[in-house]
Protein chains: 2
Amino acid sequence: MDMQLKRGLLDVCVLAAIRSEDSYGYKIIKDLKPYIVLSESTLYTILKRLESAEMLTVRTAEHDGRLRKYYRITDMGRHRIEEFKREWAEILSIYRFVIKEDEKND
Amino acid sequence: MDMQLKRGLLDVCVLAAIRSEDSYGYKIIKDLKPYIVLSESTLYTILKRLESAEMLTVRTAEHDGRLRKYYRITDMGRHRIEEFKREWAEILSIYRFVIKEDEKND
DNA sequence: CGTAATACATCGTATCACGAGGTATATGAT
DNA sequence: ATCATATACCTCGTGATACGATGTATTACG
């Protein structure tokens, strides 16, 4: 998938991945893989950005003698998802425009 | 609309705006305004990028004693629109994932 | 005992949208 | 006449950011 199209979807996907229950870096990447592929360096950049924006909180916990950083969504994070749903209407309108222009030539 | 979401949509919107008939900078911005707002500096960057990628060709013509640069879509440009339509399926799948995760909490 | 998987992190690079600023002509209002 | 607005083009600098490359450390498996 085109990299440019992924932008803007990535943040909200990561938020969606931790919405139901707290998760950690490696698991988020695996959970998202069927929908959108992202590298570790990209994910950690996003997680830090979302933390700065107070859309998630971080907590370090031990698991099998190893430290994991668990990420939990905040109200602002949930709000971002709601906002995305509203933006979706605009994206749909753009999509229809592209398709409509297309039909003029068929 | 979120800037990141616009990326990836912009190129294909510009291509769609010149698909039916050749157009020029100022007109493209006005035609796209109902769907997506973009500044002149952004548009000219995109037009150059699309020209480099051979998705459109440029021709200068006089109109009312003033020079205009008309942009015409190429086969590769049309191919890009077709590609976008295929990518749309992936975007839809991502959208459904975000919505699905959402419902678990309602 | 070495290879893969898990799990974290940083740095540099390339891409890109946009604001700010610049040039020039035509049109309409004062 | 003059000034503002619209048309029409362009460049430069900046900030945001996705990702490959690279590094560290532990666990699991064959």
Side-chain angles (χ1 to χ4, degrees), chain A residues 1-15 17-18 22-33 35-53 55-71 80 87 90-91 94, chain B residues 1-15 17-18 22-33 35-53 55-71 80 87 90-91 94:
Chain A
M1 180 173 173
D2 180 59
M3 192 263 276
Q4 294 307 314
L5 274 171
K6 282 167 71 172
R7 296 175 83 131
L9 298 174
L10 280 174
D11 284 33
V12 87
C13 277
V14 170
L15 288 173
I18 63 170
D22 297 1
S23 189
Y24 55 95
Y26 226 71
K27 184 166 189 296
I28 293 170
I29 288 175
K30 281 199 292 184
D31 288 346
L32 289 180
K33 196 161 276 174
Y35 306 102
I36 198 162
V37 172
L38 74 168
S39 69
E40 288 182 58
S41 53
T42 300
L43 177 65
Y44 290 113
T45 307
I46 293 169
L47 287 171
K48 256 176 199 160
R49 185 163 66 238
L50 292 175
E51 192 191 354
S52 295
M55 293 190 186
L56 53 78
T57 55
V58 194
R59 133 182 87 88
T60 303
E62 204 180 298
H63 177 85
D64 284 343
R66 194 186 307 188
L67 288 181
R68 266 191 195 157
K69 290 181 84 171
Y70 285 91
Y71 299 90
R80 176 68 193 97
E87 286 170 341
E90 289 181 59
I91 295 176
I94 291 167
Chain B
M1 179 174 175
D2 180 59
M3 193 261 277
Q4 295 307 314
L5 274 172
K6 281 169 74 171
R7 294 177 84 133
L9 297 174
L10 280 174
D11 283 33
V12 87
C13 277
V14 170
L15 288 173
I18 63 170
D22 297 1
S23 189
Y24 55 95
Y26 226 71
K27 185 165 190 293
I28 293 170
I29 287 175
K30 281 199 293 184
D31 288 346
L32 289 180
K33 196 161 277 177
Y35 307 101
I36 198 162
V37 173
L38 74 169
S39 70
E40 288 182 58
S41 54
T42 300
L43 177 65
Y44 290 113
T45 307
I46 292 170
L47 287 170
K48 257 178 198 157
R49 185 164 65 237
L50 291 175
E51 193 190 355
S52 296
M55 292 192 187
L56 54 78
T57 56
V58 194
R59 133 183 86 89
T60 303
E62 204 181 300
H63 178 84
D64 285 342
R66 194 186 307 189
L67 287 182
R68 266 190 194 158
K69 290 181 83 170
Y70 285 92
Y71 299 90
R80 176 69 192 94
E87 287 169 341
E90 290 181 58
I91 295 176
I94 291 168

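Any value given below was found using the heavy atoms of this structure, including those in side chains, with hydrogens, waters and symmetry copies removed. The sequence lines fix the lettering, A, B, ..., with proteins before strands; numbering per chain opens at 1.
- Put simply, the side chain of B:Ser39 and the base of C:dG19 share no donor and acceptor less than 3.5 Å apart.
- Rounding to whole angstrom units, CG of residue B:Asp2 and C1' of D:dT17 are separated by 12 Å.
- No hydrogens or angles were tested; on distance alone, nothing pairs the side chain of B:Glu40 with the base of C:dC18 as donor and acceptor under 3.5 Å.
- Where A:Leu10 and A:Arg66 each meet DNA chain D at their nearest nucleotide, the meeting point lying more 5' is that of A:Leu10.
- Mapping B:Thr45 and B:Lys27 onto DNA chain D by nearest heavy atom places B:Lys27 closer to the 5' end of the strand.
- Atom CD1 in A:Ile28 sits roughly 13 Å away from atom C1' in C:dC8 (whole-Å rounding).
- Distances shorter than 4.0 Å separate none of the side-chain N or O atoms of A:Gln4 from OP1 or OP2 on C:dT15.
- If you take CG of B:Leu47 and P of D:dC9, they are 9 Å apart, rounded to a whole angstrom.
- Protein atom CG of A:Leu43 is 11 Å distant from nucleotide atom P of D:dC19, rounded to whole Å.
- Side-chain N/O atoms of A:Lys30 include none lying less than 4.0 angstrom from OP1 or OP2 on C:dA5.
- Regarding contacts with the backbone of D:dT17, every side-chain N or O of A:Arg7 stays at 4.0 angstrom or more from both OP1 and OP2.
- Atom CG of B:Asp31 and atom P of D:dT7 are 12 Å apart (whole Å).
- Residue B:Lys48 has no polar side-chain atom (N or O) positioned under 4.0 Å from OP1 or OP2 of D:dC10.
- Put simply, the side chain of A:Ile91 reaches to within 4.5 Å of the side chain of B:Met1, judged on heavy atoms.
- Contact between the side-chain N/O atoms of B:Thr42 and the OP1/OP2 oxygens of C:dA17 is not found at any separation under 4.0 Å.
- For D:dA8, the OP1/OP2 oxygens have a side-chain nitrogen or oxygen of B:Tyr24 closer than 4.0 Å.
- For the pair B:Ile36 CD1 and C:dC16 C1', the computed distance is 14 Å after rounding to whole Å.
- Between A:Tyr44 and C:dT10 there is no side-chain polar atom (N or O) within less than 4.0 angstrom of OP1 or OP2.
- Interatomic distance, OH of B:Tyr71 versus CG of B:Leu43, reported as 7.0 Å (0.5 Å rounding).
- Checking D:dC19, D:dC12, C:dA7 against the side-chain heavy atoms of B:Ser41 singles out D:dC12 as nearest.
- In plain terms, the two heavy atoms of B:Leu32 and B:Cys13 that are nearest each other are CD2-O, 3.7 Å.
- Counting all heavy atoms, side chain and backbone alike, B:Ile28 lies closest to B:Ala17 at CG2-CB, 4.1 Å.
- Once rounded to the nearest 0.5 Å, the distance linking CZ of A:Arg68 with NE2 of A:His63 reads 3.5 Å.
- Distance, A:Tyr26 OH to C:dA4 C1': 9 Å, rounded to whole Å.
- C:dA9 atom C1' lies 14 Å from atom CG of A:Leu67, rounded to whole Å.
- Ionic pairing of A:Arg80 and A:Asp11 is not present here: no N-O contact between side-chain nitrogen and carboxylate oxygen is shorter than 4.0 angstrom.
- Residue A:Lys6 places at least one side-chain N or O closer than 4.0 Å to OP1 or OP2 of D:dC19.
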